[in-house]
Amino acid sequence: SNLNPANQYWAQVNTSAGGNDILVTNLNLSEPGLAVSAGNAVRYLGINGIGDRLCLGPDQTSGAVYLSMLLKLEKIDNLTGITTNAAAAGILAGFNNTAGTQTGPPSVIGTRLLARRVGTAPACTYNLGVEKNDDTVAYRQWDTNNFTTNAVVFVVGSYQFVSGNNADISRLWVNPATNSFGAATPPLTPLAVTNGNNLSPYPLRSFVLNQRANNPDIAVLDELSIGQSWAEVTPPPPPIATTLIGDRKLGNGAFQFTYTNSSGPTGSVYASTNLANWTVVGTATQFSPGWYQFTDPAATNYPRRFYQLRSP
């Protein structure tokens, strides 16, 4: 097992299957508007192989638990087709009610991240979907976007505990709007599953990565986040650390300013005449490591203009 600073650890599941492990790979995926990826990713290298379970620590029996990840499916020939009675659709990941190692595959998985093929391999695309903890095809909700192989997709899921018989809710957001990242409340989602079995028996104890029949042949997963709020699993980049070095009016009337930025992101320059309505006017040019300059030739059209630097 591999212990992290929060005392959460990875353990293998479906160990009796043998075959390929889920392997750590020196790769980073990225999504505009999110904090910059760090560390490594993992790659699924086969079908019906050994899976992995992240044991989360304190049992969850109330409220909501969120997950997010960057996902890239590199080969999808093995996925169940859209026209098939997809009772065995590919279950890539989800929440589980057990901790530790397991010889067989986990049978209880809540907020199941599903994938299905659209078209005939190899010239095909795929959809992502969600179900609660139930194989009933009619209960599944599918995103309508058709993704090509090697596209990077940002997915957010949640499992919400609700009192009542099988009243819990599983939700999935596929490429949510960047202006929702870090927000106190999640955006509305069309993919919400109320029908089907709850994650039972409680509690929610872990997150599972699967290698099963009908899964993608090869997939990469990066930047897995698990928390108890939308904001925790959709972290925006930190503010750009900048220092204004100088500004001046050029001979042709254009306005130019120079700043330093050691944090990396270039950012976008916005302009306003009233500090209320802002318009993007371009990006600064890095002319030396950590030194940036922006020139606004349109400044000649305004008696005054304010500037703002934003990331992203």
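The number of heavy-atom neighbours closer than 6.0 Å to CG of Leu275, taken from other residues, nucleotides and ligands shown, is above 12. The 12-atom threshold is not exceeded at CG of Asn26, counting heavy atoms of other residues, nucleotides or ligands nearer than 6.0 Å.
Transitive grouping of hydrophobic side chains (ILVMFWY, heavy atoms separated by less than 4.5 Å) brings Val152 and Phe181 into a common cluster. Under the 4.5 Å side-chain heavy-atom criterion for ILVMFWY residues, no single connected hydrophobic cluster contains both Leu114 and Ile169. The cluster map of Ile, Leu, Val, Met, Phe, Trp and Tyr, joined by side-chain heavy atoms under 4.5 Å apart, puts Val162 and Val193 in different clusters. Cluster annotation: Tyr139 and Ile109 are assigned to distinct hydrophobic clusters (Ile/Leu/Val/Met/Phe/Trp/Tyr, side-chain heavy-atom contacts under 4.5 Å, transitive). One hydrophobic cluster holds both Val153 and Ile76 under the rule that ILVMFWY side chains link at heavy-atom gaps under 4.5 Å.
A cation-pi arrangement is absent between Arg305 and Phe255, since the terminal nitrogen or guanidinium carbon is not both under 6.0 Å from the aromatic centre and inside a 45° cone about the axis. The cationic atom of Arg53 (NZ for Lys, CZ for Arg) does not lie both less than 6.0 Å from the six-membered ring centre of Trp10 and within 45° of the ring axis.
Considering every non-hydrogen atom in both Pro176 and Val156, the closest pair reads CG-CG2, 4.2 Å. Residue Ala177 comes nearest to Ser180 through the heavy atom pair O-OG, 2.7 Å, listed as atom of the first residue, atom of the second, then distance. In terms of heavy atoms, Ala183 sits closest to Ala231 at O-CB, 3.4 Å. The two atoms that bring Thr178 and Pro32 nearest to each other are CG2-O, 3.3 Å, heavy atoms only. Looking at every heavy atom in both residues, Asn198 comes nearest to Gly164 through ND2-O, 4.2 Å. The shortest heavy-atom contact between Tyr126 and Ala151 is OH-O, 4.2 Å.
A side-chain donor-acceptor contact under 3.5 Å links Gln286 to the backbone of Gly290. Remark: side-chain polar atoms of Asn127 are paired, donor with acceptor, to backbone N or O of Asn145 under 3.5 angstrom. Remark: side-chain polar atoms of Thr61 are not paired, donor with acceptor, to backbone N or O of Pro203 under 3.5 angstrom. Of the possible polar contacts, one joining the Trp173 side chain to the Pro187 backbone as a donor-acceptor pair under 3.5 Å is found. Panel note: side chain Tyr44, backbone Leu92; a donor-acceptor pair is recorded below 3.5 Å. In this structure, Asp217 contributes its side chain and Asn78 its backbone to a donor-acceptor pair below 3.5 Å. Judged by distance alone, with hydrogens and angles left aside, the side-chain atoms of Thr149 form no donor-acceptor pair with the main-chain N or O of Leu73 at under 3.5 Å. At distances below 3.5 Å, at least one donor-acceptor pair connects side-chain atoms of Ser16 with backbone N or O atoms of Thr103. Remark: side-chain polar atoms of Lys132 are paired, donor with acceptor, to backbone N or O of Thr194 under 3.5 angstrom.
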*For Thr111 and Leu172, run side-chain contact (heavy atoms from CB on, under 4.5 Å): C-alpha distance rounded to whole Å, both residues' side-chain angles, the deciding distance at 0.1 Å, then the answer.*
CA-CA 8 Å; Thr111 306; Leu172 185 71; 5.6 Å; no
*Verdict with supporting geometry, Asn175 and Glu31, side-chain contact (heavy atoms from CB on, under 4.5 Å)*: CA-CA 9 Å; Asn175 282 340; Glu31 170 74 7; 4.3 Å; yes
*Kindly determine whether Asn214 and Arg116 satisfy side-chain contact (heavy atoms from CB on, under 4.5 Å), including the steps that lead there.*
CA-CA 8 Å; Asn214 305 301; Arg116 68 181 182 185; over 6 Å; no
*Decide side-chain contact (heavy atoms from CB on, under 4.5 Å) for Gln141 and Val130; before the verdict, give the C-alpha distance in whole Å, the side-chain angles of both, and the deciding distance to 0.1 Å.*
CA-CA 5 Å; Gln141 297 286 318; Val130 64; 4.1 Å; yes
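For the atom pair Tyr66 OH and Ser158 OG, the distance stands at 5.0 Å (nearest 0.5 Å). Here CG of Leu209 is found 5.0 Å from CD1 of Ile22. Values are rounded to the nearest 0.5 Å. If you take CE on Met69 and CG on Leu221, they are separated by 5.0 Å, rounding to the nearest 0.5 Å. Going from atom CG of Leu29 over to atom OG of Ser37 covers 6.5 Å, rounded to the nearest 0.5 Å. Atoms CG and CD, on Leu113 and Glu131 in that order, are 10.5 Å from each other to the nearest 0.5 Å. Interatomic distance, CD1 of Ile50 versus CG of Leu23, reported as 10.0 Å (0.5 Å rounding).
Asn97 and Arg205 are not linked by any side-chain donor-acceptor pair at a separation below 3.5 angstrom, with hydrogens and angles left out of the test. A side-chain N or O of Asp134 and one of Thr136 form a donor-acceptor pair less than 3.5 Å apart. In this structure, a donor-acceptor pair under 3.5 Å is absent between the side chains of Asn210 and Asn215. Using a 3.5 Å distance cut-off with no hydrogens or angles, the side chains of Tyr202 and Asp168 do pair a donor with an acceptor. For the residue pair Asn277/Ser272, the side-chain donor-acceptor check at 3.5 Å is not satisfied. No donor-acceptor contact under 3.5 angstrom links the side chains of Gln102 and Gln12, judged on distance only. Residues Thr258 and Gln293 bring a donor and an acceptor atom of their side chains to less than 3.5 Å of each other.
Checked against Tyr307 for a ring-ring contact (aromatic ring centres under 6.0 Å, His included), the options Trp278, Phe257, Tyr302 give a single hit: Phe257.
Between Tyr159 and Phe161, the gap from one ring centroid to the other is short of 6.0 Å.
Looking at Asn133 and Arg112, their side chains come closer than 4.5 Å, going by heavy atoms from C-beta outward. Annotation: side chain of Trp230 is not in contact with side chain of Thr185 (no heavy-atom distance under 4.5 Å). Side-chain contact between Phe95 and Val65 is present, with at least one heavy-atom pair separated by less than 4.5 Å. Between Val155 and Ser68, the closest side-chain pair of non-hydrogen atoms is not below 4.5 Å. The side-chain heavy atoms of Phe154 and Leu71, taken from C-beta on, include no pair separated by under 4.5 Å. The side-chain heavy atoms of Phe294 and Leu309, taken from C-beta on, include no pair separated by under 4.5 Å. The shortest distance between side-chain heavy atoms of Leu224 and Leu54 falls below 4.5 Å. Using a 4.5 Å cut-off on side-chain heavy atoms (C-beta onward), Thr148 and Thr125 make contact.
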Show every donor-acceptor pair shorter than 3.5 Å between a side-chain atom in residues 240-252 and any protein atom, with sequence neighbours excluded, or say none if there are none.
unit_1	atom_1	unit_2	atom_2	d
Arg248	NE	Gln256	OE1	3.1
Arg248	NH2	Gln256	OE1	3.0
Asn252	OD1	Ala254	N	3.0

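Ion pairing between a basic and an acidic side chain is recognised when a charged N comes within 4.0 Å of a carboxylate O; Asp222 and Arg43 show no such pairing.
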